[in-house]
Student: 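Provided herewith is a single structure, encoded as structure tokens, for subsequent inquiry.
This one's a predicted model, so the numbers in the text were calculated from it and none came from an experiment. For the single chain, residues carry numbers from 1 onward in sequence order.
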Amino acid sequence: MDSKLLHNLTWIPLFVIGLFGAVLGVFWLMADEPWLLDRAANESTLGITFSELFETEINQTLPDYIAMVYRFSGLWLLGFGAMVCTYVLITFLGTPRSRNNLLIVLGALFVVLFYMEYTLIARSFFVNLTYGLLALYLISVWATLRLNKEEEGAR
């Protein structure tokens, strides 16, 4: 297979993963009520609707607290996505070391992410999004393995 195509199949999917993370982070930062972005899964996990949760007097400030937690998470997701995009654009994953290191970090992240999704929010549409991102990751892993093998053989 053409080395240039393999190289593109290595870095482009990872750039898209970083871009999705950054965009999702922006959504969480900008939404007035970010917990409603995945309302059904959140209410299923809580076992109560948000209307019922917020109607009692003691929980009147809870929406502000939840919004702060989501915005904090959104900021971290935006930062992480931006860092992945920046790393990919600076290095274009031109060396085996840059490719392998990023794939190891993202692979560990996917393992933890799937564990958390299936134990905490199994009904969330984010699970389907994560499968799509995993497909991109696996394309990059496949291309990296092929590219590393070709580069090894050229030496």
Student: Is there side-chain contact between Tyr65 and Asn59, with at least one heavy-atom pair below 4.5 Å?
Tutor: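 Tyr65 vs Asn59: side chains apart.
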
Student: Side-chain contact, heavy-atom cut-off 4.5 Å: Leu134 with Leu138?
Tutor: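 Yes, close enough: below the 4.5 Å cut-off.
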
Student: Side chains of Glu117 and Phe126: does their closest heavy-atom pair fall under 4.5 Å?
Tutor: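 The answer is yes; the side chains approach within 4.5 Å.
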
Student: For the backbone of Gly94 and the side chain of Thr91, can you confirm whether one donor and one acceptor N or O come within less than 3.5 Å of each other?
Tutor: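 No, Thr91 side chain to Gly94 backbone: no donor-acceptor pair under 3.5 Å.
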
Student: Looking only at side chains, do Glu150 and Ser3 share a donor and an acceptor under 3.5 Å apart?
Tutor: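 Looking only at side-chain atoms, Ser3 and Glu150 do form a donor-acceptor pair, the distance falling under 3.5 Å.
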
Student: Whether the side chain of Ser44 engages the backbone of Ala40 through a donor-acceptor N/O pair (distance < 3.5 Å, no angle test) should be reported.
Tutor: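 No; judged by distance alone, with no hydrogens or angles, the pair does not exist.
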
Student: Using 0.5 Å steps for rounding, measure from the OG atom of Ser140 to the CG atom of Leu106.
Tutor: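 Ser140 OG to Leu106 CG: 8.5 Å, rounded to 0.5 Å.
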
Student: Assigning hydrophobic clusters by single linkage (Ile, Leu, Val, Met, Phe, Trp, Tyr; side-chain heavy-atom cutoff under 4.5 Å), is Val127 placed with Val23?
Tutor: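 Yes, because Val127 and Val23 connect within a single hydrophobic cluster, where side-chain heavy atoms sit under 4.5 Å apart.
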
Student: With clusters defined by side-chain heavy atoms of hydrophobic residues (ILVMFWY) lying less than 4.5 Å apart, directly or transitively, does Phe54 cluster with Ile48?
Tutor: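 Linked, Ile48 and Phe54 end up in one cluster.
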
Student: Measure from the side-chain N and O atoms of His7 to the backbone N and O of Ala143, and report whether any donor-acceptor pair falls under 3.5 Å.
Tutor: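 No; judged by distance alone, with no hydrogens or angles, the pair does not exist.
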
Student: Is there a donor-acceptor pair under 3.5 Å between the side chain of Ser124 and the backbone N or O of Asp38?
Tutor: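 No, Ser124 side chain to Asp38 backbone: no donor-acceptor pair under 3.5 Å.
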
Student: Quick one: does Pro63's side chain get under 4.5 Å of Trp35's, heavy atoms only?
Tutor: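 SC-SC contact between Pro63 and Trp35 confirmed.
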
Student: Distance check, rounded to the nearest 0.5 Å: Asn128 atom CG versus Leu133 atom CG?
Tutor: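 CG of Leu133 is found 11.0 Å from CG of Asn128.
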
Student: Can you confirm whether Val84 sits close enough to Ile17 that some side-chain heavy atom of one is under 4.5 Å from a side-chain heavy atom of the other?
Tutor: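 They are not in side-chain contact.
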
Student: Can you classify the ring geometry of Tyr70 versus Trp28 as parallel (below 30°), tilted (30 to 60°) or perpendicular (above 60°)?
Tutor: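 Because their plane-to-plane angle is over 60°, the rings of Tyr70 and Trp28 count as perpendicular.
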
Student: Quick check: is Val88 connected to Leu147 through a chain of hydrophobic side chains (ILVMFWY, heavy atoms under 4.5 Å apart)?
Tutor: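 They do not share one cluster, since no chain of ILVMFWY contacts under 4.5 Å joins Leu147 to Val88.
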
Student: Working note: Leu53 + Phe50, criterion side-chain contact (heavy atoms from CB on, under 4.5 Å); need CA distance, chi angles, decisive distance, verdict.
Tutor: CA-CA 5 Å; Leu53 182 65; Phe50 284 113; 4.2 Å; yes

Student: State, to 0.1 Å, how close Ala82 and Ala22 come at their nearest heavy-atom pair, and which atoms those are.
Tutor: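 Nearest pair, atom of Ala82 first, then Ala22: N-CB, 4.2 Å.
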
Student: Using 0.5 Å steps for rounding, measure from the CH2 atom of Trp76 to the CE atom of Met83.
Tutor: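 If we round to the nearest 0.5 Å, Trp76:CH2 and Met83:CE are 8.0 Å apart.
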
Student: Does CZ belonging to Phe125 count more than 12 external heavy atoms closer than 6.0 Å?
Tutor: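 Count over threshold, so yes.
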
Student: Can you measure from OH (Tyr87) to CG (Leu89) and round to the nearest 0.5 angstrom?
Tutor: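 Interatomic distance, Tyr87 OH to Leu89 CG, rounded to 0.5 Å: 12.5 Å.
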
Student: State, yes or no, whether a side-chain contact exists between Leu113 and Met116 at a heavy-atom distance under 4.5 Å.
Tutor: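 SC-SC contact between Leu113 and Met116 ruled out.
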
Student: Return yes if some donor-acceptor pair links the side-chain N/O of Tyr137 with the main-chain N/O of Leu103 below 3.5 Å, else return no.
Tutor: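 It does hold such a pair.
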
Student: Would a single hydrophobic cluster contain both Leu136 and Phe15, if residues Ile, Leu, Val, Met, Phe, Trp and Tyr are joined by side-chain heavy-atom contacts under 4.5 Å?
Tutor: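 Linked, Phe15 and Leu136 end up in one cluster.
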
Student: Which value, rounded to the nearest 0.5 Å, describes the distance between Thr61 atom OG1 and Met68 atom CE?
Tutor: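 Those atoms lie 10.5 Å apart.
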
Student: Roughly how far, to the nearest 0.5 Å, is CZ of Phe27 from CG of Leu37?
Tutor: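 Between Leu37 CG and Phe27 CZ, I get 8.0 Å after rounding to 0.5 Å.
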
Student: Does either side chain, that of Asn42 or that of Thr45, offer a donor lying less than 3.5 Å from an acceptor on the other one?
Tutor: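 No donor-acceptor contact under 3.5 Å links the two side chains.
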
Student: For the residue pair Ser98 and Phe92, establish whether any side-chain heavy-atom pair is separated by less than 4.5 Å.
Tutor: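 No, their side chains stay 4.5 Å or more apart.
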
Student: Not counting sequence neighbours, which residues clear ring pair (Phe, Tyr, Trp, His ring centres under 6.0 Å) with Phe114? List them please.
Tutor: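 Partners of Phe114 under the ring pair (Phe, Tyr, Trp, His ring centres under 6.0 Å) test: Tyr131.
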
Student: Count I, L, V, M, F, W, Y as connected when their side-chain heavy atoms are under 4.5 Å apart, and connections chain through other members. Are Ile12 and Leu14 then in the same cluster?
Tutor: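 The answer is yes; both residues are in one hydrophobic cluster.
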
Student: So, using side chain to side chain contact (heavy atoms under 4.5 Å, CB included) as the criterion, who are the partners of Pro96 when residues are at least two apart?
Tutor: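 Scan of Pro96 (side chain to side chain contact (heavy atoms under 4.5 Å, CB included), adjacent residues dropped) gives Arg99, Asn100, Asn148, Glu151, Arg155.
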
Student: I want to check something: taking the side chain as every heavy atom from C-beta on, are Leu120 and Tyr115 in contact at a cut-off of under 4.5 Å?
Tutor: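 Side-chain contact under 4.5 Å: no.
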
